[in-house]
Amino acid sequence: MMTTMCLSIAVLPWTLIEGGMSKGGWAGSTSPGSENPYGEVFQGGPDLGIQYYFNSTFSRICCQAIGCEYKQGCYFVDVGCGQSKNGVPFPTTQLHWEVRGVEPVVRCNNSRGVGAYYIFHARVFPMET
């Protein structure tokens with residue numbers, strides 16, 4: 001019984017609150033690319049974060065994504081560049097998601113200077129303090 005309780009406590013901070021569906025988009029040839037909304041509004045709140053995951057098999061894409069802080073509002077943040085390996089999406093840095101009723105949005109470009117298709121999904125979760 002003690003082992004089960006410890007495992008539950010260790011897993012709880014990473015519990016998924018919202019997200020999971022995938023959305024396709026086009027990474028243009030110029031930075032930062034056109035905005036690609038997720039198509040679903042996520043409820044933010046204190047101590048919540050969002051993490052984006054990208055799947056781009058044949059191209060290395062560079063992306064910006066929206067993070068939201070209570071005092072600063074929502075804004076685009078560079079979340080890095082990457083390319084999927086063996087179909088596994090690459091994760092971005094974790095961003096704050098403190099504002100309620102906001103739709104995640106990304107914008108990406110192909111680092112090779114030509115367009116490329118990508119898939120992304122986003123997850124909101126409790127952030128560790």
Side-chain angles (χ1 to χ4, degrees):
M1 176 142 167
M2 185 62 134
T3 304
T4 305
M5 185 185 309
C6 291
L7 180 60
S8 296
I9 291 170
V11 174
L12 186 60
W14 296 103
T15 303
L16 175 66
I17 293 182
E18 289 191 76
M21 88 173 193
S22 293
K23 169 83 171 159
W26 184 255
S29 59
T30 59
S31 181
S34 60
E35 293 182 7
N36 189 5
Y38 192 65
E40 181 180 335
V41 172
F42 288 0
Q43 297 304 317
D47 300 324
L48 290 181
I50 189 167
Q51 188 165 23
Y52 295 85
Y53 298 82
F54 293 91
N55 195 334
S56 176
T57 305
F58 301 109
S59 297
R60 184 174 186 269
I61 61 171
C62 298
C63 298
Q64 295 179 339
I66 285 187
C68 297
E69 292 184 64
Y70 181 72
K71 291 183 179 181
Q72 296 178 335
C74 298
Y75 49 88
F76 277 100
V77 177
D78 286 324
V79 291
C81 301
Q83 181 174 348
S84 303
K85 296 193 177 25
N86 299 323
V88 176
F90 62 91
T92 64
T93 56
Q94 299 171 358
L95 306 174
H96 289 278
W97 198 253
E98 298 173 352
V99 178
R100 298 189 184 280
V102 177
E103 180 177 11
V105 179
V106 300
R107 53 189 186 193
C108 300
N109 70 294
N110 185 343
S111 65
R112 295 188 177 117
V114 295
Y117 183 75
Y118 66 92
I119 296 172
F120 79 98
H121 66 275
R123 293 186 178 162
V124 174
F125 57 90
M127 291 186 82
E128 293 183 19
T129 54

Are [X] and [Y] close enough that some pair of their side-chain heavy atoms sits under 4.5 Å apart?
{"X": "Tyr38", "Y": "Val106", "value": "no"}
{"X": "Phe125", "Y": "Ile50", "value": "no"}
{"X": "Gln51", "Y": "Thr92", "value": "yes"}
{"X": "Asn36", "Y": "Arg107", "value": "no"}
{"X": "Pro91", "Y": "Tyr52", "value": "no"}
{"X": "Pro104", "Y": "Trp97", "value": "yes"}
{"X": "Phe54", "Y": "Val79", "value": "yes"}
{"X": "Thr30", "Y": "Asn109", "value": "no"}

Side chain Glu98, main chain Glu69, donor-acceptor under 3.5 Å: no
Is Glu103 reaching over with its side chain to a backbone N or O of Gly39, donor-acceptor style, under 3.5 angstrom? yes
Answer with yes or no whether the hydrophobic clustering places Tyr117 together with Val105; edges join I, L, V, M, F, W, Y residues whose side-chain heavy atoms lie under 4.5 Å apart. no
Heavy atoms only: give me the nearest [X]-[Y] pair and the separation to one decimal.
{"X": "Gly101", "Y": "Gln43", "result": "N-OE1, 3.2 Å"}
{"X": "Pro37", "Y": "Lys23", "result": "O-CE, 3.0 Å"}
{"X": "Asn110", "Y": "Ala116", "result": "ND2-CB, 3.5 Å"}
{"X": "Arg112", "Y": "Arg60", "result": "NH1-N, 3.7 Å"}
{"X": "Ile119", "Y": "Ser22", "result": "CG2-CB, 3.7 Å"}

Side chains of residues 80-90: which donor-acceptor partners sit under 3.5 Å, not counting sequence neighbours?
| residue | atom | partner | partner atom | Å |
| --- | --- | --- | --- | --- |
| Gln83 | NE2 | Thr57 | O | 2.9 |
| Ser84 | OG | Asn55 | OD1 | 2.8 |
| Ser84 | OG | Ser56 | N | 2.9 |

Between His96 and Met127, does a side-chain contact (heavy atoms from CB on, under 4.5 Å) hold up when you go through it step by step? CA-CA 8 Å; His96 289 278; Met127 291 186 82; 3.8 Å; yes
Qualifying residues under side chain to side chain contact (heavy atoms under 4.5 Å, CB included), relative to Val99, sequence neighbours excluded: Cys68, Cys74, Val102
Evaluate Cys62 against Cys108 for disulfide bond (SG atoms under 2.5 Å apart), listing each step before the verdict. CA-CA 5 Å; Cys62 298; Cys108 300; over 6 Å; no
With a sphere of 6.0 Å drawn around OH of Tyr75, does it hold more than 12 non-hydrogen atoms of other residues, nucleotides or ligands? yes
Relative to the ring of His121, is the ring of Tyr53 parallel (under 30°), tilted (30 to 60°) or perpendicular (over 60°)? parallel
